[in-house]
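Note on naming: letters A, B, ... go to the chains in the order of the sequence lines (proteins, then strands), and numbering restarts at 1 for each one. These figures come from a predicted structure and were not determined experimentally.
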Amino acid sequence: MRARTLENLNVTNYEAVEEELFTEQQERDAPLKRWEMPVFKAEYTDSLSQAYVLSVYYDGESRRAGLKLYDPETRKIHFWLDNTRHLPYCLSDLSIDELTAIDGLTGHPGFIELQAVKKYDALEDREIEMTKIVAKDPLSIGGRRSSIREKIPKAWEARIRYYDCYTFDRQLLLGMPYKIVKGDLVADEDTLTREAKDKIQNLFAGEAPEVRAYIDQWSTLFQCPIPSLRRVAVDIEVTSAVETRVPDPREAMNPIIATSMVDSDGGRRVLLLRREGVEEGTRRLPSDVDVEYYDDEEAILAEIFKVLLEYPVVLTFNGDDFDLRYIYHRAMNLGIRRESIPIVLGERFAHLTYGIHVDLYKFFFNRSIQIYAFSQKYTELSLDSVAKAILGVGKVELATPIPQLSYSDLAAYCLNDSEITLQLTSFDDELVMKLIQVMMRITKMRMEDLTRQGVSSWIRNLMYFEHRRLSYLIPRSDDILESKGKATSEAIIKGKKFKGAIVVEPKPGIHFNVNVLDFASLYPSIIKVHNLSYETILCTHKQCRTNTIPGLPHWICKERKGLSSLIIGSLRDTRVKMYKKMAKDRSLPTNLQNLYNVIQLTLKVLLNASYGVMGAASFNLYCPPLAEAVTAIGRYAITKTVEKANAFGIEVVYGDTDSVFLKAPTPSQVNELLGWSEEELGMELEIDKVYRYAVFSHLKKNYLGVYPDGKVDIKGLMGKKRHIPAFLKRSFMEMVEALGDVQSPSGFEEAKQRIRDVVRTCYKSLKGKAYSLDDLALKVMIGKPLRRYVKTTPQHVKAANLLVEAGQEIKTGDIISFVKTTNALGVKPVQLASIREVDVNKYVEYLKSTFEQVFDALDLDFQEIMGISKLESFLWNYEDT
DNA sequence: ATCTATGGCAAGCCGA
DNA sequence: TCGGCTTGCCAT
């Protein structure tokens with residue numbers, strides 16, 4: 001390590017100082033090899049036949065917006081700088097004269113000019129005069145204490161990042177193809193023929209012209225081919241001083257001992273650092289893998305940099321926080337010049353000078369992606385568990401710590417990580433890469449941001465883009481709040497802001513032939529049908545006040561179409577009437593079906609979040625009355641549907657938010673109900689599923705439904721919760737299996753006998769301490785930093801504290817495996833416990849409560865089963881001795 | 001700079 | 001001992 005660093009020298013001329021340091025070091029450690037590390041220079045072309053925009057950024061040097069375009073022919077990134085003289089700006093409601101009078105505004109070093117502009121104020125429903133304050137660079141607008149936006153009383157559109165502002169003004173379609181003609185950026189022609197467009201429009205013949213215009217836009221975006229992007233997955237391994245601690249990427253004290261790179265063309269490389277005393281090992285890697293040995297860590301870094309400067313897309317799993325950050329700081333520590341490092345580090349991100357870095361950890365962490373795109377297939381967020389859940393392959397299991405691995409074991413381990421990282425983007429015909437690109441096209445976000453930010457950013461960006469297109473003033477959050485006020489309904493759950501959905505009281509028991517009807521994407525439908533948007537709810541017109549919402553004092557505008565209603569409504573229609581149907585159309589080639597499935601999935605993700613963000617204070621267009629209007633209309637819809645079903649003589653056994661469970665209705669009864677909904681509510685009610693039979697207890701959100709083919713749907717029951725012990729899950733699944741075999745009411749006796757046996761066997765195993773610690777472990781996630789558990793100390797936190805005492809590092813998101821014990825604390829982490837300490841009675845309680853959720857309906861009694869079991873267990877123990 | 005919503009259940013904690 | 005509160009996980 002160098003004794004002097006850039007930080008403690010406290011100078012600004014880094015380059016000169018680095019050179020000096022380098023020379024010093026050279027003298028000390030001479031001779032020192034310098035590896036070829038070219039400084040990245042973007043190359044610009046003024047002619048390009050077709051390339052897809054992947055990213056937009058602000059180029060500080062030229063003070064212009066820049067684009068990164070992917071050329072599918074050369075499979076390279078091309079750079080383009082804005083040539084339209086677009087500049088950063090914000091808006092003010094003051095006149096030019098008034099602004100000129102403000103101290104330090106026109107005299108601001110970054111100030112350029114004032115322009116009068118007309119905007120449409122959606123909150124007030126009128127055209128207004130605003131003044132555009134134009135500046136030389138984004139930081140002059142905002143981001144500094146002395147910035148222009150701080151000098152005026154009220155600024156609009158001043159917190160939009162410059163490259164987004166550029167995107168909106170240019171109406172740049174991120175993810176779509178463009179050409180460069182004589183230096184100008186030109187949209188590639190629309191690939192859809194007039195015929196195709198007409199065909200699509202025919203599907204939406206009944207819709208309003210505004211809606212059809214949007215559908216035209218969406219289908220143009222979706223029907224355009226999606227390129228397969230050349231990409232590489234990168235992973236590094238580092239030695240660590242303390243085994244249980246992850247090395248700090250900001251310190252980067254330890255050498256990078258292995259790097260793997262796996263690319264989309266099948267190339268696989270592992271670079272290993274030669275170290276003393278490391279054995280070759282016996283593991284054989286596939287023959288096509290390039291295993292390269294290096295004596296010098298700097299040479300490995302040089303190779304990594306080459307790769308980072310070669311691939312248009314670089315994939316990592318947690319590269320923002322670890323791999324790329326570590327590489328950067330390690331390079332700095334080794335005295336490599338900053339300009340030679342092709343990584344641009346932010347506080348939380350690591351971007352690349354050449355391509356796009358996609359951190360898949362961030363993307364898979366996104367709740368909407370987890371739930372709606374992958375239906376909660378993975379719930380833990382390690383590379384291992386995500387890969388296991390989605391790809392069916394996990395990480396290589398390690399018996400020894402990384403620093404002590406042989407070369408071949410280390411290589412295999414490191415290679416595997418990059419392989420599965422790449423596979424996360426390749427499986428199912430590149431589903432994830434396509435999803436990302438389709439989502440970019442809808443939201444107009446650059447790839448780096450889209451993969452890192454959540455749904456509220458996605459929807460915000462999409463909405464902002466439309467505001468600019470239509471010359472709407474983008475409202476300030478506090479203006480919406482002031483104009484529309486807070487929510488008026490009272491939530492059922494304490495601490496919530498407004499009232500949500502209705503859950504219909506279940507009728508306990510077993511019901512045969514249950515038809516489940518639901519509204520196809522209820523909330524987006526409501527937003528569409530009822531013209532809901534921040535500007536249409538509680539609008540300024542007197543004449544609209546009679547157009548009220550059931551159960552609320554709010555009214556909705558009759559004069560103007562709401563922007564979010566149009567956008568969300570048209571996206572909903574495009575999904576439901578086009579892509580969902582085409583994804584299932586067997587007459588289409590499978591690759592097309594696949595693509596359409598990606599599109600409908602992407603839309604599903606966005607639509608399902610569209611209502612939620614309206615009620616989220618963090619959303620820039622947050623509007624509580626709007627959110628509560630959506631749920632109020634939802635409550636009205638389900639309540640009316642239940643009433644109507646009853647009126648038709650159908651028994652409703654359950655319902656939740658957007659669904660009703662009907663007991664053995666006749667087909668004509670169902671059809672009557674569906675027709676009534678279309679007619680009276682204006683919303684499509686459809687048959688979602690049919691159960692051979694369903695089992696309900698008295699609990700809401702807890703039931704079990706058996707399909708005609710014997711498959712079982714389990715909802716909310718303890719037996720399926722992630723954190724319960726494995727032995728319980730197994731026994732529960734055995735019960736489920738028995739229930740799946742029941743064909744008719746008379747078949748229950750046999751199933752019940754099987755279930756009795758399952759429970760008894762389980763009980764006996766518990767009492768006999770036949771289960772392993774792993775089988776008994778509860779696995780509960782640490783939801784926040786340990787120090788923040790101040791109000792109570794839950795059991796998993798107690799167990800975690802014991803692990804911390806034992807020297808282990810515990811962070812948010814970690815899953816603690818612990819068993820219930822008879823000691824004073826009541827718990828112990830599995831790693832520290834022994835089977836003798838296990839509190840059997842606690843587990844019997846668990847067994848009881850898990851099964852009793854279903855026993856009520858089956859007319860089974862836990863105590864009774866245990867009664868027999870106790871006798872049997874006595875006999876069993878007796879025989880044993 | 002970042003963060004979609006509410007309803008519902010089980011279990012355990014902790015103060016009255 | 002009781003009951004409100006906290007926490008995690010799930011349904012929609």
Practice task
Please say whether more than 12 non-hydrogen atoms of neighbouring residues, nucleotides or ligands are located less than 6.0 Å from NZ in Lys497(A).
Solution key: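 More than 12 heavy atoms, drawn from other residues, nucleotides or ligands, come within 6.0 Å of this atom.
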Problem - Presence of salt bridge, Glu643(A) and Lys640(A), under 4.0 angstrom - result: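 Yes, Lys640(A) and Glu643(A) are salt-bridged.
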Handout entry: Nucleic acid contacts - residues 495-505 of chain A versus DNA chain B, non-hydrogen atoms under 4.0 Å
Key = Lys496(A), Lys497(A), Phe498(A), Lys499(A), Gly500(A), Ala501(A), Val503(A)
Looking at every strand, decide which applies to [X] at a 4.0 Å heavy-atom threshold: base, sugar-phosphate, or nothing.
X	answer
Leu699(A)	sugar-phosphate
Thr631(A)	nothing
Lys721(A)	base
Ile638(A)	nothing
Asp518(A)	nothing
Tyr703(A)	sugar-phosphate
Arg348(A)	sugar-phosphate
Lys362(A)	nothing
Met614(A)	nothing
Ser457(A)	sugar-phosphate

Among pairs that include at least one residue of [range], which meet side chain to side chain donor-acceptor pair (under 3.5 Å), considering only residues two or more places apart or in two chains?
range	result
residues 515-534 of chain A	Glu207(A)-Lys528(A), His467(A)-Tyr534(A), Ser525(A)-Arg572(A), Lys528(A)-Asp573(A), Ser533(A)-Glu535(A), Ser533(A)-Ser564(A)
residues 450-463 of chain A	Asp320(A)-Arg452(A), His357(A)-Arg452(A), Gln453(A)-Ser457(A)
residues 783-793 of chain A	none

Whole-Å distance separating the [atom1] atom of [X] from the [atom2] atom of [N]:
X	N	atom1	atom2	answer
Gln795(A)	dC13(B)	CD	C1'	9 Å
Phe365(A)	dC3(B)	CZ	C1'	11 Å
Ile633(A)	dT6(B)	CD1	P	17 Å
Arg144(A)	dA1(B)	CZ	P	13 Å
Asp449(A)	dC3(B)	CG	P	10 Å
Arg159(A)	dA1(B)	CZ	P	8 Å
Asp320(A)	dT2(B)	CG	P	12 Å
Lys848(A)	dA10(B)	NZ	C1'	14 Å

Problem - Set of residues satisfying side-chain hydrogen bond (donor to acceptor under 3.5 Å, both in side chains) with respect to Ser382(A), sequence neighbours excluded - result: Ser385(A)
Practice task
Could you tell me from which nucleotide to which nucleotide of DNA chain C, 5' to 3', there is an atom under 4.0 Å from chain A heavy atoms?
Solution key: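 Answer, 5' to 3': dC5(C) to dT12(C).
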Problem - Exam field: side chain Asp658(A) to backbone Leu522(A), donor-acceptor pair closer than 3.5 Å - result: no
Handout entry: Under 3.5 Å donor-acceptor, Ser677(A) side chain and Met683(A) backbone
Key =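 Yes, the answer is positive, given that a donor and an acceptor are paired below the 3.5 Å cut-off.
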Salt bridge (charged side-chain N to carboxylate O under 4.0 Å, His left out) involving [X] - partner list, sequence neighbours excluded:
X	answer
Arg161(A)	Asp164(A)
Lys388(A)	Asp384(A)
Arg730(A)	Asp775(A)

Sort me out a list of protein N/O and nucleotides 14-16 of chain B N/O pairs below 3.5 Å, or just none if empty.
residue	atom	partner	partner atom	Å
dC14(B)	OP1	Thr793(A)	N	3.4

Exercise for the section: Specify the residue among Ser659(A) and Ile782(A) whose closest nucleotide of DNA chain C lies further upstream toward the 5′ end. Expected result: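 Looking at DNA chain C, the more 5' nearest nucleotide goes with Ile782(A).
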Problem - Interatomic distance at C1', dA11(C) relative to dT4(B), whole Å - result: 16 Å
Between side-chain atoms of residues 820-828 of chain A and protein atoms elsewhere (two or more places apart, or another chain), which donor-acceptor pairs fall under 3.5 Å?
residue	atom	partner	partner atom	Å
Lys820(A)	NZ	Gln795(A)	OE1	3.0
Thr821(A)	OG1	Asn823(A)	OD1	2.7
Thr821(A)	OG1	Val827(A)	N	3.3
Thr822(A)	OG1	Glu837(A)	O	3.2
Asn823(A)	OD1	Gly826(A)	N	3.0
Lys828(A)	NZ	Glu837(A)	OE1	2.8

Handout entry: Phosphate OP1/OP2 of dT2(B) contacted by Arg161(A) side-chain N/O (<4.0 Å)
Key = yes
Practice task
Report yes if a side-chain nitrogen or oxygen of Gln453(A) is closer than 4.0 Å to either non-bridging phosphate oxygen (OP1 or OP2) of dT2(B); otherwise report no.
Solution key: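 For dT2(B), OP1/OP2 do have a side-chain N/O of Gln453(A) under 4.0 Å.
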Taking distance alone, no hydrogens or angles, what donor-acceptor pairs closer than 3.5 Å link side-chain atoms of residues 485-496 of chain A to residues at least two apart or in another chain?
residue	atom	partner	partner atom	Å
Thr488(A)	OG1	Glu628(A)	OE2	3.3
Ser489(A)	OG	Lys499(A)	N	3.1
Ser489(A)	OG	Glu628(A)	OE1	2.6

